[in-house]
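Worth saying up front: this structure is predicted, and the values here are computed from it rather than measured. To find a chain, count down the sequence lines: A is the first, B the second, and so on, and within it residues start at 1. The figures that follow rest on heavy atoms only: side chains count, while hydrogens, waters and symmetry mates do not.
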Amino acid sequence: MLDLKKIRENPQWVEERLASRGRGYDLQRLQALEHDKRALQSETEILQARRNAISREVGQLKGQGGDASALLVEMQGLGPRLKELEQLLRVKEEEVLAALSELPNLPDETVPPGKDEKENVEQRRWPGVGDPAAKPFTALNHWDIGERLGILDFNAGALVAGARFTVLRGLGARLNRALIQFMLDLHSDEHGYTEVMPPFLVNRESLFGTGQLPKFEEELFAQRDDPLFLIPTAEVPVTNLVRGEIVEEELLPMKFVAWTSCFRREAGAAGRDTRGLIRQHQFDKVELVWITRPEESNAALEQLTRDAEQVLQRLELPHRTVALCTGDLGFAARKTYDLEVWLPGQGCYREISSCSNTGDFQARRMQARVRRKESRKVELLHTLNGSGIAVGRTLVAVLENYQQADGSVVIPDALRPYMGGVDIIRPKG
RNA sequence: GGAGAGAUGACCGAGCGGUUUAAGGUGCACGCCUGGAAAGCGUGUGUACUCCAAAAGGGUACCGAGGGUUCGAAUCCCUCUCUCUCCGCCA
């Protein structure tokens, strides 16, 4: 959520920053609503002040056995009007909040301008320049590899749930679990994150806090009997750990790592990535969340991104890091780096992690603040999140990058401690 | 799921219709005292919005959330949420 004061003081600047996202946002209506709201507020408060004064006097008079009838008459004239104003003010406040909640975050000054993903700017590549060399055989897609090995069963997923669900079998399930454990251990043991195991179902308040509601409800799986939603990412429950809190400055930064399954309806993605594990309704993800002081969030984004890259480097998976351009930024993000992993079967890079600094955008929605050590003043803190990394897509990357000419898949060294002695997955028979 | 108890400021805790502009205590900050410290004494101590060009200084709201009764609600009524205890069920 944006700062209303900033919008009031410098609407043109805010409008320009928003416009850089590629579509215009009209602040006129919001400003008119807010203007009306403040007028109503002034009027209401004057009457409330009078009401309070009268009540006080009535109390005193009655205490002394005096006659308060004149005051009661005045109150009768004032009461209905005040009730009406309070109601109008409440409605107007809700309208202002609703309009404000629809606006996305302002892109950071350092975000490259551009209208879509084609204008994202590559930051670096690993292990070096250029695309990885082609394999000396025809590289298969992961779904072919997985089905031949008997570890990915798309038909079974469709049978028990539906399209975009998959059953992992045998060493496929084991490999998925190995990836989760490897990532959690790396971030908690070596990168200083605190592991968190949050609920997979969250309430509306949490989804509002991180920005999924009210705008993106159609992307969420709702429950029929309870006002709860399956999480689309661990960012929601983990970031909301500080919702409504005033955190002492010395407790920051907080760094959390969480494995969760994630659930997305993919409502707008019909026809895209219909085969394979790339786009599923349910997938596992290890998420990194930072809660920081305002002045350290920019540096935190760089570190968080490096922490995520480290996963790919330990797995020796070729990848690159791109800075999203203004037109490709997500709703809550002020700045985002995407990690893209090389997929030999498709001959291209695919997103496997997205690391964002949301600045105070989510903090304002959550009312999450920091109390400064010196001044004792409170101000909004900053929140960041990033995949560290998407497990399903990492499984895809391992299968495609570690496939051999005979159809087998070698287990990356970093995962072997988690694979119970298995170092290669071979086709059956 | 059933029955009961509860939710008050950073924390503990009183208040149960108008001297509450939320008692008292703890903590914290500052000052006095001291060679220094403790103790003692004194002063201060939330958040949001808003008025004022700003500061100073006002106003309003907030006692789990939302409604209601009343001239007036932390206090009475209704609904909901959460916590605790007991019972039932259950991985």
For nucleotides [N] and [M], find the distance between their [atom1] atoms and express it as a whole number of Å.
N: B:A10; M: B:A23; atom1: P; answer: 14 Å
N: B:C62; M: B:G68; atom1: P; answer: 13 Å
N: B:C78; M: B:A73; atom1: C1'; answer: 15 Å

Check your understanding: Short question: side chain of A:Glu287, backbone of A:Asn385 - any donor-acceptor pair under 3.5 Å?
Key -> no

Mind calculating the distance between [atom1] ([X]) and [atom2] ([N]) to the nearest angstrom?
X: A:Leu82; N: B:G72; atom1: CG; atom2: C1'; answer: 12 Å
X: A:Arg38; N: B:C52; atom1: CZ; atom2: P; answer: 9 Å
X: A:Glu205; N: B:G64; atom1: CD; atom2: P; answer: 18 Å
X: A:Asn203; N: B:C80; atom1: CG; atom2: P; answer: 18 Å

Who is the Watson-Crick or G-U wobble partner of [N], with both distances under 3.5 Å?
N: B:A39; value: none
N: B:C33; value: none
N: B:A74; value: none
N: B:A7; value: B:U81

Nucleotide N/O to protein N/O under 3.5 Å, stretch nucleotides 15-19 of chain B:
unit_1, atom_1, unit_2, atom_2, d
B:G18, N2, A:Ser55, O, 3.3

Under 4.0 Å: is that the gap between some side-chain N or O of [X] and OP1 or OP2 of [N]?
X: A:Arg371; N: B:C28; result: no
X: A:Arg90; N: B:G67; result: yes
X: A:Arg50; N: B:G59; result: no
X: A:Lys83; N: B:U70; result: no
X: A:Asn52; N: B:U60; result: yes

Check your understanding: So A:Phe200 and A:Trp259, would you call those rings parallel, tilted or perpendicular, with 30° and 60° as cut-offs?
Key -> perpendicular

Check your understanding: Which word best sums up how the rings of A:His187 and A:His191 line up, parallel for under 30°, tilted for 30 to 60°, or perpendicular for over 60°?
Key -> tilted

Point to revise | Member of A:Leu339, A:Thr394, A:Leu312 meeting the side-chain contact (heavy atoms from CB on, under 4.5 Å) criterion with A:Ser353 | key: A:Leu339

Review point. Judged by modelled atom types alone, do A:Ser206 and A:Arg243 share a side-chain donor-acceptor pair under 3.5 Å?
Key: yes

Review point. Is the charged tip of A:Arg23 near the ring of A:Tyr25: under 6.0 Å from the six-membered ring centre and within 45° of its axis?
Key: yes

**Study point:** A:Glu34 or A:Ala53, whichever maps to the more 5' nucleotide of RNA chain B
**Key:** A:Glu34

Check your understanding: So what does A:Arg204 touch, heavy atoms closer than 4.0 Å: a base, only the sugar-phosphate, or nothing?
Key -> nothing

Point to revise | Test side-chain hydrogen bond (donor to acceptor under 3.5 Å, both in side chains) applied to A:Glu245 - qualifying residues, sequence neighbours left out | key: none

